[in-house]
J.: 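Take this structure first; my questions come after.
The figures that follow rest on heavy atoms only: side chains count, while hydrogens, waters and symmetry mates do not. On a predicted model such as this, the values are computed, not experimentally measured, just so you know.
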Number of protein chains: 2
Amino acid sequence: MKKLTLKDVAKELGVSTATISNAFNRPDQLSAAKRTEILEACKKIGYTGPNRAAQILRKGQSNIVALVLADSLDYMVTDPVASTFIQGVSRVLRENQKHLLLYAGDSESIADVVDFVDGFICYGAPRNAALSEQLNQQSKPVVTVDFNLEGRPAINIDNEKASYEIAKAALKPGDHVAILGLRLIDSPSTCRIYDNPLLNVESSITHRRLDGYSEALKEAGITVDSDWIWSLPENNVVYAVQAAKEVLYSQPRPNVILCMSDIIALELLQCALSMGIDVPGELKITGFDGIEEASRTRPYLSTVCQSSVEKGMQAANLLLSGENQSMSLSYELKLGETIG
Amino acid sequence: MKKLTLKDVAKELGVSTATISNAFNRPDQLSAAKRTEILEACKKIGYTGPNRAAQILRKGQSNIVALVLADSLDYMVTDPVASTFIQGVSRVLRENQKHLLLYAGDSESIADVVDFVDGFICYGAPRNAALSEQLNQQSKPVVTVDFNLEGRPAINIDNEKASYEIAKAALKPGDHVAILGLRLIDSPSTCRIYDNPLLNVESSITHRRLDGYSEALKEAGITVDSDWIWSLPENNVVYAVQAAKEVLYSQPRPNVILCMSDIIALELLQCALSMGIDVPGELKITGFDGIEEASRTRPYLSTVCQSSVEKGMQAANLLLSGENQSMSLSYELKLGETIG
DNA sequence: CTGTTAGCGCCTTCAG
DNA sequence: CTGAAGGCGCTAACAG
C-alpha cells in the first residue's frame, strides 16, 4: 500500500481535488458538513493530509524557521546561554506552529536551506562572515541577535553600558586588573592579546564589553596593558581552565579579574578556590550572562544577568511579526559575593 | 530581479536544462571542462544551484533529519544530558551534510514533517505516545534512543545494571534509603509515588533504573517503601529543589539517597550542604548521567557516566547507515566523594 | 459551492 | 552532449 495522494483521495471519494485541498486548507470554501464528512473519510482511508514537500514547493512556505547559530552546533548547543536562547525561540515557534531548524554559523553557505525556510534568526555574527552576506542578499525575513545586519531588525542589549556598570561595581583605584575576554583576536587558542590585530572591532559584542570595562577603568585611573587581557576562542570550559591557570599564576597576580562570560568566571572561581586564594579578599571576580549554574555556586558570582529566554522569544516574535523594528533589551546587575 | 530558475539559466547559457542540472548533480554526465564552465557562469549571473524545495519534492530527499525529543524543546534544550546528545548528533550530521530539525515529543503528530525529512532520531519515548505509533507506521528510517520501537534499530545502555552497580557501591545493610526518580508516575508535580499507578513500567528507562536499585537493595536486605520514593515530572532544577527539600525534611532522614539524574543529585547536595548536613558522613548521594557540572562541584558526585555525545553520534551514524541493528553502549561508574 | 487547469522548479528518461 | 516531455503532489485562479 503506497502513500495516498490528494488525487487518489478525490477519486476515491468522488469529489474534485480542489475540494479535498480546501477541506484541509481553506475551511471557508466549503460547507462545514461536507468538510467534516471529507475529513472523516480521509481519516478512515488513512490520508493524513496534503504532502508537505509539495505544499512547500507550491506555496513557497514551509513553516520552518532556521536558527543560525554563531558557530558549529557542536559548540553552541551545550552553551548554557545559547541553549537558553534556543529555549525562548522554540517556545514562540511552537505557539505559532513553526518548526526549528538549527543551522551552524560555520557552514559554507545558506544555499542548502534558503529556498524552503520561512526566515532566519541569526544568533550572534556567524563565524563564517560569508553567511552574513548571503543572509543580507536573500529576500526572506531575517532577525539578528547580538549583532547587526544592515537593514534588518536586530535585538541587542547594551553590552557596553552593562560592562561599564559591572566593572564600576568591582573596581577601586589602585586595583591590579586582568580581563578574560572572548574572541577579541583571531586565535585558535587561549592567549593574551598583546598587540595582535583585533577581530571585528566594530561589530562584535565582546569589543563593546571591552569598551565598557575600559571606560570604568579609566574613571578609576587604572590602566590594563594588553598582556593582561586574554582572548578565548570559544566560551567553553576547556579554554576557561587554560585562561584561569594562566592568569592566576601570573605575577603579580591581579586582584580583580573581569570575565566576559559566567562560564569563564565560574571556572576561574573554582581554580582560585582550589589554589587557596581568598575570594573576594584577595581576588574579585565578575562574570557576564547570568546563567543558572552561577546561582548554584558559592560564593555567588557577581554578574550581568540578561534574559536569554526573553531574547529568544522576542527574536522569534519579531521574525514572525514581519516588522522591521530593532529593539534593545534590559539587563540586570547581580552583585554577588565574588566582589565582596 | 527575481530568483533565477534552472530554465532561465539554461536559456541564458544556451545549453539544455538537463546539462545545467547535471552540472550540479551528476558530474559524470558531462565533461569536466563544460562543467566548470557552467558552474562559473552560474556563479557570475548569481545562480546558486537548483531550488531546494523543488528538489525535495522531485527527489523525495531533503537532507534534513528530524530529532524527536522526548518532550517540548523548552524542557529538552537546556537539559545538559539532552543537549550533549544533540551535540553528538549534530557532529555526525554535519560531516554528512545533513541538517537538523528539532521536533518536540509532545507535538500532536509528525505529519508536519514526515513528508520531507529523510529520517527520525527519537531520543527517549515521546511524551505523546501517539508519536511512537505514527513513527512506526511510516516508512522512513527511525532510530530510537533510550527506548525501543518494534522493528526499529535502537541504542541503549543497560540502565538496570548500571543502577544496580551504583546502588551497590553506596549501600550498606541497615541504611535508610530514599529514591528520587523521574516520571515514575503520571503526576504534574513532585511527589512521593505511594501506591499510584506506575507509568510505562515496561518501556521507561527510569523503571529499569528502579529495578536496578531494587535488586541492590534486596541484596543488602533493605526495604524502601513507596513513600520513600519520589517521582519528579521533569529533570529540572525546580522540581529537584522541591524533592530535595521534601526528602531532607522527612523524618527519619535517610542516610542514602539514590537520584536518577545528576541534576537532582546536585541540587540535593547543595540543599544538604546548606542545611549543614555532612556528606557523605550523614548522607550519601548518588546521581546518574555524568554531566559536566558534576565534576565541577565539590564534593565530587558519585554517578554513572554515560557518554551522551557518543550516543548521539552512534544514533546519527546508525540512521544514516540504514542498517537495522540495535546496540548497547557502555557506561562507567564514577565513585566520588558523595558516597565516602 | 464544485470542477478544471495551469503551473511551482526540478529531475530523469529517451531518442537523437 | 542536447531537447523534449512527463511527472513529483499540490494550490490558486477561474469558470461554472
J.: Of the listed nucleotides (dT2(C), dG3(D), dC10(D)), which one gets closest to any side-chain atom of Ala18(B)?
T.: dG3(D)

J.: Roughly, in whole Å, what's the span from NZ in Lys11(B) to C1' in dA4(D)?
T.: 15 Å

J.: Any side-chain to backbone donor/acceptor pair from Lys140(B) onto Asp115(B)? Under 3.5 Å, distance only.
T.: yes

J.: Take the protein atom CG of Asn51(A) and the nucleotide atom P of dG7(D), then report the distance between them rounded to whole Å.
T.: 17 Å

J.: Taking the minimum atom-to-atom distance to the side chain of Ser16(B), which one of dT11(D), dC10(C), dG3(D) wins?
T.: dG3(D)

J.: Would you mind telling me which of dG9(D), dT12(C), dC1(C) lies closest to the side-chain atoms of Ser31(A)?
T.: dC1(C)

J.: Under 4.0 angstrom, heavy atoms only, what part of the nucleic acid is Asn22(A) near: base, sugar-phosphate, or nothing?
T.: nothing

J.: Does dT11(D) have OP1 or OP2 sitting under 4.0 Å from an N or O in the side chain of Ser21(A)?
T.: yes

J.: Hey, which of these two, Lys59(B) or Lys34(A), hits DNA chain C nearer its 5' end, going by closest nucleotide?
T.: Lys34(A)

J.: Test salt bridge (charged side-chain N to carboxylate O under 4.0 Å, His left out) on Glu202(B) and Arg208(B) and set out the steps.
T.: CA-CA 8 Å; Glu202(B) 293 305 317; Arg208(B) 291 296 75 67; 5.9 Å; no

J.: From CG of Leu13(B) over to C1' of dC1(D), roughly how many Å is that when rounded to an integer?
T.: 15 Å

J.: Whether Thr17(A) contacts dC10(D) is assessed here as follows: a side-chain N or O lying under 4.0 Å from the phosphate OP1 or OP2. Is that the case?
T.: no

J.: When you check the phosphate oxygens OP1 and OP2 of dG9(D), does a side-chain N or O of Tyr47(A) lie under 4.0 Å from one of them?
T.: no

J.: Write down the distance between CZ (Arg52(A)) and C1' (dC8(C)), rounded to a whole number of angstrom.
T.: 18 Å

J.: Looking at dC10(C), dG3(C), dT11(D), which one has an atom nearest to any side-chain atom of Gln55(A)?
T.: dT11(D)

J.: Donor-acceptor check, side chain of Thr19(A) to backbone of Val15(A), threshold 3.5 angstrom: yes or no?
T.: no

J.: What's the CZ-P distance between Arg35(B) and dC1(D), to the nearest Å?
T.: 12 Å

J.: Suppose we call two aromatic rings close when their centres sit under 6.0 Å apart. Are Phe24(A) and Tyr47(A) close by that rule?
T.: yes

J.: Using the side-chain heavy atoms of Val15(B), tell me which of these nucleotides is nearest: dT2(D), dT13(C), dT4(C).
T.: dT2(D)

J.: Just checking Gln29(B): base, sugar-phosphate only, or nothing, at a heavy-atom cut-off of under 4.0 Å?
T.: sugar-phosphate

J.: CZ of Arg58(A) versus P of dC10(C): gap in Å, rounded?
T.: 15 Å

J.: Classify Leu57(A) by what it touches in the nucleic acid, base, sugar-phosphate, or nothing, heavy-atom distance under 4.0 Å.
T.: base

J.: By the 4.0 Å heavy-atom rule, please label Asn25(A) as base, sugar-phosphate, or nothing.
T.: sugar-phosphate

J.: Any idea which of dT11(D), dT12(C), dC10(D) is nearest the Ala54(A) side chain?
T.: dC10(D)

J.: For the backbone of Leu182(A) and the side chain of Thr206(A), can you confirm whether one donor and one acceptor N or O come within less than 3.5 Å of each other?
T.: yes

J.: Leu6(A) CG to dT4(C) C1': how many Å, rounded?
T.: 14 Å

J.: Quickly work out the Phe116(B) CZ to dG9(D) P distance and round it to whole Å.
T.: 16 Å

J.: Testing Asp71(B), Asp74(B), Asp106(B) one by one against Arg94(A) for a salt bridge (Lys or Arg N to Asp or Glu O under 4.0 Å), which residue passes?
T.: Asp106(B)

